[in-house]
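Letters go in sequence order (proteins before strands), and every chain restarts at 1. Hydrogens, waters and symmetry mates are skipped; everything else that's a heavy atom, side chains included, is used.
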Amino acid sequence: MKDLKRIEIIDLLHGKATDQVGKEICVKGWVRTKRGNKTIAFIALNDGTIIHNIQVVVDLAQFDEEIMKRITTGACLRVNGKLVESMGQGQNVEIQATEIEIYGEADVDTYPLQKKGHTLEFLREIAHLRPRTNTFGAIFRMRHAMAFAVHKFYNDRGFFYWHSPIITSSDAEGAGEMFQVTTLDINNVPKNENGLIDYSQDFYGRHTSLTVSGQLEGELGALSLGKIYTFGPTFRAENSNTPRHLSEFWMIEPEMAFYDLEDNMNLAESFIKYLVNYALLNCKDDLEFLQNMYDKELIERLQFVVDNDFVRLKYTEAITILENSTQKFEFPVGWGIDLQSEHERYLVEKHFKKPVILIDYPKEIKAFYMKQNEDGKTVRAMDILFPKIGEIIGGSQREESLDKLIERMEQVGINPEEMKWYLDTRRFGSAPHSGFGLGFERLLLFVTGMVNIRDVIPFPRTPKNAEF
RNA sequence: UCCUCCUUAGCUCAGUUGGUUAGAGCACAUGACUGUUAAUCAUGGGGUCCUAGGUUCAAGUCCUAGAGGGGGAGCCA
């Protein structure tokens, strides 16, 4: 077989290789469909670079019947052929095959993917093969684009990418149940004289867990480098079985010295708009596919978010709106309650019909590190609520006063002694600062139009499910 | 964790008041067709009715328990 340089399908279809028309080229990829008659076959070949396929035209008089039989949906091919303008409709160019090598066959009796559509539930059971479908190819290309855009956004604004630890000894982050990390033999755990587990014999000589948030370590970065962001995996051992929760997910947590809550909101809003706009500009083919297949208003909704200001509202005002609404709520509304899903949905989807930033929550329902307002009742918290997916961002201005922070920790039962390293930020050169966390997969739900969070991460981790 | 619905061919599903040999579409195989676009048409093969118990002359169908999945709730990002 002639040794030709491989050209990626994205370059063939997006014009970068138009000068190749009339020449013999090489493409490599996986067979999506094969159809045809006794004299001619059409193979739709996809190499993952783009959602579209290149059509390979095979004159059956020139190829052995046995080779053609082995070319089935899912097989991987190396094809040499002449790039020509297509004689059929549906594509501009196609390849008239001269030589075909089969890299890998896909047995039709056992290969689970077919030409026709599958349910997302079925594809979840074969998560190791689903990236070969149009849908998941589009989603995971967009996942990459969004991750890249995150770094570009912050780099362009002078933020530093800060690596907070994945293994942590702090269990006071207060964001949820933690996965324990240990090398102790769990069948024969060493005990101390009090009958408790003797962690001094463990790998780190102490009790350790997987992080539930990089925020506390992020504050250390902000109070030295000025503006940092983290972007890494996060783990929560909550028994949450919903389409919006994973036990292993990715979170972006910027933290900025000298930012107040207003600055924090401005950053968060421009960040989300930047990401959505980046998707509109750079993921056009994939968005159009997802819109056609799953969500007819997807692109319109993304454009709406880019073009419109988010509503900014104090918690107290939100309670008033809810109390004055004619809507019947399952959970009663009153100042001091933690807003339920139905309340958030009413505000975002019915009352304002826009993303909403809620601020100044009662201190009792928020974390200890949030800055207390002068009213003595509320804290400088902000949640950004999105249609359909709910809370996409949670953040706050942080309490910079050492005394107030210690007082609040004692009120909620956290021992300040164990958080000495964190309190040192307030003890030495404390500064006003703010930050927030964005759930990466929740953002992906919004930009892809998917409705189940298990469909926007390659290998979802949820309670009772850690296959692959 | 709670509520609720679902589990029948490789996939998506039908299956009546419990009753003879469990069906369809797609996929797959074979054949037809000189260019198809999720090609089309014809023919054919293909079943642990989720698992374990129970009721009954008789269970895919009814009952109990379990497993897996969907949706909703809580927790949150």
For the base of [N], is there a side-chain donor-acceptor partner from [X] under 3.5 Å away?
X: H118(A); N: rC11(B); value: no
X: Q55(A); N: rU36(B); value: yes
X: E94(A); N: rG35(B); value: yes
X: R244(A); N: rA77(B); value: no

Out of [options], which nucleotide sits closest to the side chain of [X]?
X: S240(A); options: rG74(B), rA32(B), rU30(B); result: rG74(B)
X: K464(A); options: rC11(B), rG68(B), rC75(B); result: rG68(B)
X: Q340(A); options: rG74(B), rG70(B), rC28(B); result: rG74(B)
X: E238(A); options: rC11(B), rC75(B), rA39(B); result: rC75(B)
X: E121(A); options: rC75(B), rC33(B), rG70(B); result: rG70(B)

Aromatic ring pairing [X]/[Y], orientation class (parallel under 30°, perpendicular over 60°, tilted between):
X: F148(A); Y: Y278(A); result: tilted
X: F440(A); Y: F231(A); result: perpendicular
X: W335(A); Y: Y315(A); result: perpendicular

May I have the distance from [X] (atom [atom1]) to [N] (atom [atom2]), rounded to whole angstrom?
X: Y111(A); N: rA27(B); atom1: OH; atom2: C1'; answer: 14 Å
X: M87(A); N: rA39(B); atom1: CE; atom2: P; answer: 19 Å
X: L113(A); N: rC26(B); atom1: CG; atom2: C1'; answer: 15 Å
X: E125(A); N: rC6(B); atom1: CD; atom2: C1'; answer: 13 Å

Name the pairing partner of rA14(B), where a pair is Watson-Crick or G-U wobble with both distances under 3.5 Å, or state none.
none
Heavy-atom nearest nucleotide on RNA chain B for I40(A) versus I453(A): which residue maps closer to 5'?
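It is I40(A) whose nearest nucleotide is closer to the 5' end.
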Between N465(A) and N239(A), which has a closest nucleotide on RNA chain B that is more 5'?
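The residue closer to the strand's 5' end, by nearest nucleotide, is N239(A).
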Taking only side-chain nitrogens and oxygens of [X], does any of them come within less than 4.0 Å of OP1 or OP2 of [N]?
X: R35(A); N: rU36(B); value: no
X: T39(A); N: rC33(B); value: no
X: R124(A); N: rG70(B); value: yes

Would you please name every residue forming a ring-ring contact (aromatic ring centres under 6.0 Å, His included) with F329(A), sequence neighbours left out?
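H343(A), Y346(A).
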Is there a stack between F42(A) and rG35(B), judged by ring centres under 5.5 Å and planes under 30°?
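Check failed, F42(A) does not stack on base of rG35(B).
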